[in-house]
Amino acid sequence: MSMIARDMGILCGTLEPGPRNAITDVPGVLVGHHTIRTGDLNTGVTAILPHGGNLYRRKVLAASDVINGFGKSTGLVQIDELGALETPILLTNTFGVGACANALIRAAIAENPDIGRETATVNPVVCECNDGALSDIQALAVGEDHARAALAAAAGSDVAEGNVGAGTGMSCFGFKGGIGTASRRLMLGGNTHHLGVLVLSNFGRAGDLVLPDGRRPDPRSLPEAEKGSVIVVLATDIPMEHRQLRRITRRCGAGLARLGAYWGHGSGDIAIGFSTAVTFDHDERADFVAMTALNENRIDRLFRAATEATQEAVLNSMCAAEAMHGRAGHFRPSLADWLRNSAP
């Protein structure tokens with residue numbers, strides 16, 4: 001089992017995590033990975049499914065926040081316009097976006113043959129980070145079959161972290177980055193709810209990382225500009241409006257800032273949020289549909305949860321990731337190794 005931040009004595013914030021401390025603490029959410037590791041290739045695909053049903057027919061409430069727009073994601077414009085997610089979210093490397101988008105389109109058409117003919121087209125959502133330091137990104141290694149494999153692997157409640165799926169070749173604050181996840185438990189309306197986050201961490205300048213206890217791990221690389229990217233996917237089972245979800249999703253940026261990131265010019269920092277508690281029937285016939293909004297006087301709890309879970313998910317991605325020698329002799333050390341070696 002991968003090492004995570006709590007195993008190293010690192011705690012983020014004051015809210016309690018969910019039972020798995022993962023995005024899958026939100027009921028119905030599934031995560032799958034497909035990893036490519038051969039020669040100079042260290043890359044892959046990660047899939048996040050809000051539910052296991054027909055997502056095109058039963059869409060979920062969604063919002064996005066572009067913290068810094070140096071990125072090549074697809075599908076965000078329609079999410080912000082319509083407030084709905086109708087495909088799984090795929091994460092991959094920068095040059096894998098097209099193949100992953102095609103895989104999502106083909107999967108949606110296979111399940112819904114009327115797409116683009118008797119009904120609307122489909123909006124594939126794919127987000128990316130550049131893993132070119134550790135992987136041969138010019139090989140265009142990610143194909144549609146790899147995306148389909150990640151989707152097929154989405155089952156169960158466990159989420160692999162570190163050097164897996166889209167996170168295989170990622171770097172973070174000069175260390176090895178990758179996939180990380182965390183969650184927070186919230187009581188609202190007399191019921192237990194969860195907010196979970198999954199990150200693809202590939203951002204931050206070496207030496208800028210700040211741990212919750214004030215330590216500043218430094219892999220002793222030469223200083224360089226902050227670049228890379230980070231994708232944050234937030235999920236919750238709390239009902240709310242699109243405007244409220246976007247406000248909560250924006251707070252993921254606060255979790256990144258707590259770690260020492262300043263959203264550099266060359267970093268594509270993007271957050272996508274969805275709520276499984278609000279769904280939209282593609283074939284809805286009623287003129288009006290009922291919706292439930294969150295009491296704004298309670299929203300600060302979710303702001304804090306989004307901030308804490310994002311901060312911890314990034315640290316989990318780094319603690320779970322093993323050191324890696326990649327393309328052209330490039331090396332990224334493990335944060336977990338640094339923490340062990342620096343322990344009193």
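Here the structure is a predicted model, which is why all the values come from computation and not from measurement. This chain uses plain numbering: 1 for the first residue, then up along the sequence.
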Just by distance, do the side chain of [X] and the backbone of [Y] share a donor-acceptor pair under 3.5 Å?
X      : Y      : value
Asp213 : Ile10  : no
His330 : Ala133 : yes
Asn93  : Gly132 : no
Glu308 : Thr14  : yes
Ser275 : Leu61  : no
Gln311 : Leu259 : no
His282 : Thr119 : no
Glu128 : Lys72  : yes
Arg37  : Gly44  : no
Asn102 : Ala99  : no

Where do [X] and [Y] come nearest, in terms of heavy atoms and distance?
X      : Y      : value
Thr24  : Ser157 : OG1-O, 2.6 Å
Ala108 : Val122 : CB-CG2, 3.9 Å
Ser267 : Asn68  : O-ND2, 2.6 Å
Phe70  : Ser229 : O-OG, 3.9 Å
Trp338 : Arg216 : CZ2-O, 4.3 Å

Less than 4.5 Å apart, side chain to side chain, heavy atoms only: is that true for [X] and [Y]?
X      : Y      : result
Ser73  : Ile272 : no
Leu234 : Cys252 : yes
Thr92  : His146 : no
Thr46  : Leu200 : no
Leu186 : His194 : no
Pro17  : Arg184 : yes
Leu151 : Leu49  : yes
His34  : Arg148 : no

Result block: side-chain N/O donor-acceptor pairs under 3.5 angstrom for residues 170-183, not counting sequence neighbours:
| from | atom 1 | to | atom 2 | distance (Å) |
| --- | --- | --- | --- | --- |
| Ser171 | OG | Arg332 | NE | 3.0 |
| Lys176 | NZ | Asn163 | OD1 | 3.0 |
| Lys176 | NZ | Gly167 | O | 3.1 |
| Lys176 | NZ | Thr168 | O | 3.0 |
| Lys176 | NZ | Met170 | O | 2.9 |
| Thr181 | OG1 | Ile23 | N | 2.8 |
| Thr181 | OG1 | Val197 | O | 2.7 |
| Ser183 | OG | Gly18 | N | 3.0 |
| Ser183 | OG | Ala22 | N | 3.4 |
| Ser183 | OG | Asp25 | OD2 | 2.6 |

Charged N to carboxylate O under 4.0 angstrom, [X] versus [Y]?
X      : Y      : result
Glu284 : Lys59  : no
Glu111 : Arg57  : no
Arg117 : Asp114 : no

Ring geometry between Phe331 and His325 (parallel below 30°, tilted from 30 to 60°, perpendicular above 60°): tilted
Going by distance alone, is a donor N or O of one side chain under 3.5 Å from an acceptor N or O of the other, for Asn42 and Asp131? no
Between the side chains of Asp80 and Ser64, is a donor N or O closer than 3.5 angstrom to an acceptor N or O? yes
Starting from the C-alpha separation in whole Å, work towards a yes-or-no answer on side-chain contact (heavy atoms from CB on, under 4.5 Å) for Val230 and Ile67. CA-CA 10 Å; Val230 58; Ile67 303 165; over 6 Å; no
Can you confirm whether Glu322 is buried at CD, in the sense that more than 12 heavy atoms of other residues, nucleotides or ligands lie under 6.0 Å from that atom? no
Does Arg20 have more than 12 heavy atoms from other residues, nucleotides or ligands lying within 6.0 Å of its CZ? yes
Is there a path from Phe303 to Leu15 through hydrophobic residues (I, L, V, M, F, W, Y) whose side chains come within less than 4.5 Å of each other? yes
Step by step, work out the side-chain contact (heavy atoms from CB on, under 4.5 Å) result for Leu198 and Val29. CA-CA 11 Å; Leu198 182 143; Val29 174; over 6 Å; no
Worked verdict on Asp281 versus Arg58 for side-chain contact (heavy atoms from CB on, under 4.5 Å): CA-CA 5 Å; Asp281 184 349; Arg58 186 162 66 93; over 6 Å; no
side-chain contact (heavy atoms from CB on, under 4.5 Å) with Leu302: of Arg251, Arg247, Gln244, Met240, only one passes, and it is Met240
Between Leu294 and Ile238, is a side-chain contact (heavy atoms from CB on, under 4.5 Å) present by the stated rule, with each step listed? CA-CA 8 Å; Leu294 177 70; Ile238 298 170; 4.3 Å; yes
